[in-house]
Chemist: 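The structure's right below; bear with me while I get my questions together.
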Amino acid sequence: MKKQKALKITLTTLGILLGIIILVLGVVRLGERIIFSDFYEYADKEFKMPGTADGLVQQGFTYLQDKEIFLVAGYMSNGDASMVYVLNKDGEITNKVSLKNTDGSDYTGHTGGIEVYKNCVYITEGTKDKDYDGGLDVFPLDQILNDTEAVCIDRVKTYNNPAYIKIYKGYMLVGEYY
């Protein structure tokens, strides 16, 4: 009899705790929807993030309106060469590009923000422990769009630890997270 009563009390307590946890999670979720209602009102689900099955850790993306494509940059979780995925406007992968340093070795930097200006793709990089000293690495757009490898052709020193980039009206804006 005492065992049954103890079991009933334990199960009731666990049920109440589970109910409280579900209630708290529901309130948090509802609060998130209220706080970020503007975002949810205007946000569109375009496509699933590419490369997750390959180990890509997505860091940046940009849209090339004239070509109607997205470029998604990221580093590989296993330490392989960083990648750029090219997607059409429907989110289908049309190319995967492995990035290379100027000497042909694998580019294994953080591969943060990505932007295109004229025929160049600029990718932020600031991983000091991998001998990347903070700046933008430049890759040819035609290699990104058409080849399976793209070799870095230049480096733009930024004097910060760049994480994102935007080119607006001919001006290059580069920032870092603090």
Chemist: Would you tell me whether Asp54 and Tyr85 have side-chain atoms, one donor and one acceptor, within less than 3.5 Å of each other?
Modeler: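 There is such a pair (donor and acceptor under 3.5 Å, judged by atom type) between the side chains of Asp54 and Tyr85.
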
Chemist: Is the cationic atom of Lys157 (NZ for Lys, CZ for Arg) positioned less than 6.0 Å from the six-membered ring centroid of Tyr159 and within 45 degrees of its normal?
Modeler: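 Yes, a cation-pi geometry.
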
Chemist: Going from CD1 on Ile16 to CD1 on Ile20, what distance comes out if it is rounded to the nearest 0.5 angstrom?
Modeler: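 Rounded to the nearest 0.5 Å, the CD1-CD1 separation comes to 7.0 Å.
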
Chemist: Would you say Asn119 and Asp142 make side-chain contact, with heavy atoms under 4.5 Å?
Modeler: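 The answer is no; the side chains never approach within 4.5 Å.
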
Chemist: Evaluate side chain to side chain donor-acceptor pair (under 3.5 Å) for Asn78 paired with Asp80, printing each intermediate quantity in order.
Modeler: CA-CA 6 Å; Asn78 63 3; Asp80 285 349; 3.1 Å; yes

Chemist: Once rounded to the nearest 0.5 Å, what's the spacing between atom CG of Asp137 and atom OG of Ser82?
Modeler: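 Going from CG on Asp137 over to OG on Ser82, the span is 9.5 Å.
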
Chemist: Looking at every heavy atom in both Arg155 and Gly135, which two are closest together, and how far apart are they?
Modeler: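 Distance-wise, the nearest heavy atoms are NH2-N, 3.3 Å.
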
Chemist: Is there a side-chain contact between Ile114 and Ile165 (heavy atoms, below 4.5 Å)?
Modeler: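 With C-beta onward as the side chain, the pair stays apart.
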
Chemist: Do Asp106 and Thr108 have a side chain donor and acceptor closer than 3.5 Å?
Modeler: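 No - no donor-acceptor pair under 3.5 Å links their side chains.
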
Chemist: Counting only N and O atoms by type, is there a donor-acceptor contact under 3.5 Å from the side chain of Thr10 to the main-chain atoms of Ala6?
Modeler: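 It does hold such a pair.
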
Chemist: Kindly determine whether Tyr107 and Glu125 satisfy side chain to side chain contact (heavy atoms under 4.5 Å, CB included), including the steps that lead there.
Modeler: CA-CA 10 Å; Tyr107 178 98; Glu125 175 32 67; 3.3 Å; yes

Chemist: Applying a strict under-4.5 Å side-chain criterion to I, L, V, M, F, W and Y, I'd like to know whether Ile153 and Val121 cluster together.
Modeler: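 Result: no, two separate clusters.
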
Chemist: Calculate, to the nearest 0.5 Å, the distance between atoms CG and NZ belonging to Leu87 and Lys48 respectively.
Modeler: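 With rounding to 0.5 Å, CG (Leu87) is 13.5 Å from NZ (Lys48).
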
Chemist: CE of Met172: more than 12 outside heavy atoms within 6.0 angstrom?
Modeler: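 Enclosed.
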
Chemist: Could you report the tightest heavy-atom contact between Ile144 and Ala150, atom names first, then the distance?
Modeler: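 Distance-wise, the nearest heavy atoms are CD1-CB, 3.7 Å.
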
Chemist: Can you confirm whether the side chains of Glu115 and Thr62 place a donor and an acceptor under 3.5 Å from each other?
Modeler: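 A donor-acceptor contact under 3.5 Å links the two side chains.
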
Chemist: Quick check: do Cys152 and Val138 have side-chain heavy atoms less than 4.5 Å from each other?
Modeler: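 No, their side chains stay 4.5 Å or more apart.
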
Chemist: Hey, quick one: are Ile123 and Val156 part of the same hydrophobic cluster, counting side-chain heavy atoms closer than 4.5 Å, chains of contacts allowed?
Modeler: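 Per the 4.5 Å side-chain linkage, Ile123 and Val156 are not co-clustered.
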
Chemist: Of all heavy-atom pairs between Val151 and Gln143, which one has the smallest distance, and what is that distance?
Modeler: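 The pair with the smallest heavy-atom distance is N-OE1, 2.8 Å.
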
Chemist: With ring centroids as reference points, do Tyr177 and Tyr164 lie under 6.0 angstrom apart?
Modeler: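 Yes - the distance between ring centres of Tyr177 and Tyr164 falls below the 6.0 Å cut-off.
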
Chemist: Taking C-beta and beyond as the side chain, do Val116 and Tyr122 meet within less than 4.5 Å on heavy atoms?
Modeler: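 Contact flag for Val116/Tyr122 side chains = no.
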
Chemist: Report the distance from atom CG of Leu99 to atom OG1 of Thr111, rounding to the nearest 0.5 Å.
Modeler: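 Here the rounded value is 6.0 Å.
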
Chemist: So, do Asp154 and Thr102 sit near enough that their side-chain heavy atoms are less than 4.5 Å apart?
Modeler: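 Side chain of Asp154 against side chain of Thr102, heavy atoms only: no contact under 4.5 Å found.
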
Chemist: Hey, could you give me the CD1/CG distance between Ile69 and Leu71, rounded to the nearest 0.5 Å?
Modeler: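 Output value for this atom pair is 5.0 Å.
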
Chemist: About how many Å separate CZ of Arg29 and CZ of Arg33, when rounded to the nearest 0.5 Å?
Modeler: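 So the gap between those two atoms works out to 5.5 Å.
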
Chemist: Hydrophobic clustering (ILVMFWY, side-chain heavy atoms < 4.5 Å, transitive) - are Val97 and Leu145 grouped together?
Modeler: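 Yes; tracing contacts between hydrophobic side chains, which count when under 4.5 Å, links both residues.
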
Chemist: Taking Asn88 for the side chain and Glu68 for the main chain, is one N or O donor matched with an acceptor at less than 3.5 Å?
Modeler: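 Flag not set: sc Asn88 to bb Glu68 has no pair under 3.5 Å.
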
Chemist: What is the ring orientation for His110 with Tyr75, classed by angle as parallel under 30°, tilted 30 to 60°, or perpendicular over 60°?
Modeler: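 Aromatic pair His110/Tyr75 classed tilted.
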
Chemist: Hey, quick one: are Leu30 and Leu23 part of the same hydrophobic cluster, counting side-chain heavy atoms closer than 4.5 Å, chains of contacts allowed?
Modeler: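 Leu30 and Leu23: separate clusters.
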
Chemist: Would the distance check show the side chain of Asp90 and the main-chain N or O of Glu92 forming a donor-acceptor pair, the cut-off being under 3.5 Å?
Modeler: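 It does not hold such a pair.
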
Chemist: What's the shortest heavy-atom distance between Ser98 and Ala81, and which atoms?
Modeler: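 Closest approach of Ser98 to Ala81: OG-CB, 3.3 Å.
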
Chemist: Just so I know, are the side chains of Met76 and Leu56 near enough to count as touching, which here means a heavy-atom distance under 4.5 Å?
Modeler: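 Side chain of Met76 against side chain of Leu56, heavy atoms only: contact under 4.5 Å found.
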
Chemist: Short question: side chain of Thr94, backbone of Val86 - any donor-acceptor pair under 3.5 Å?
Modeler: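 It does hold such a pair.
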
Chemist: Shared ILVMFWY cluster between Tyr117 and Phe70, side chains joined below 4.5 angstrom?
Modeler: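 Not linked; separate clusters.
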
Chemist: Within a reach of under 6.0 Å around CZ of Phe36, are more than 12 heavy atoms found that belong to other residues, nucleotides or ligands?
Modeler: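 No - once you tally the heavy atoms of other residues, nucleotides and ligands closer than 6.0 Å, there are 12 at most.
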
Chemist: Evaluate the criterion side chain to side chain contact (heavy atoms under 4.5 Å, CB included) for residue pair Gln58 and Thr52; output intermediate values, then yes/no.
Modeler: CA-CA 8 Å; Gln58 298 95 355; Thr52 52; 3.3 Å; yes

Chemist: So do the side chains of Phe139 and Val84 get within less than 4.5 Å of each other, counting heavy atoms only?
Modeler: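 No, side chains not in contact.
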
Chemist: Decide yes or no for Leu141 and Lys67: does some side-chain heavy atom of the first lie under 4.5 Å from some side-chain heavy atom of the second?
Modeler: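 They are in side-chain contact.
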
Chemist: Specify the closest pair of heavy atoms between Glu176 and Asn161, including all atoms of both residues, with the distance to one decimal.
Modeler: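 Where Glu176 meets Asn161 most closely, the heavy atoms are CB-O, 2.9 Å.
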
Chemist: Tell me whether the count of non-hydrogen atoms from other residues, nucleotides or ligands lying under 6.0 Å of NZ in Lys100 goes above 12.
Modeler: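 Enclosed.
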
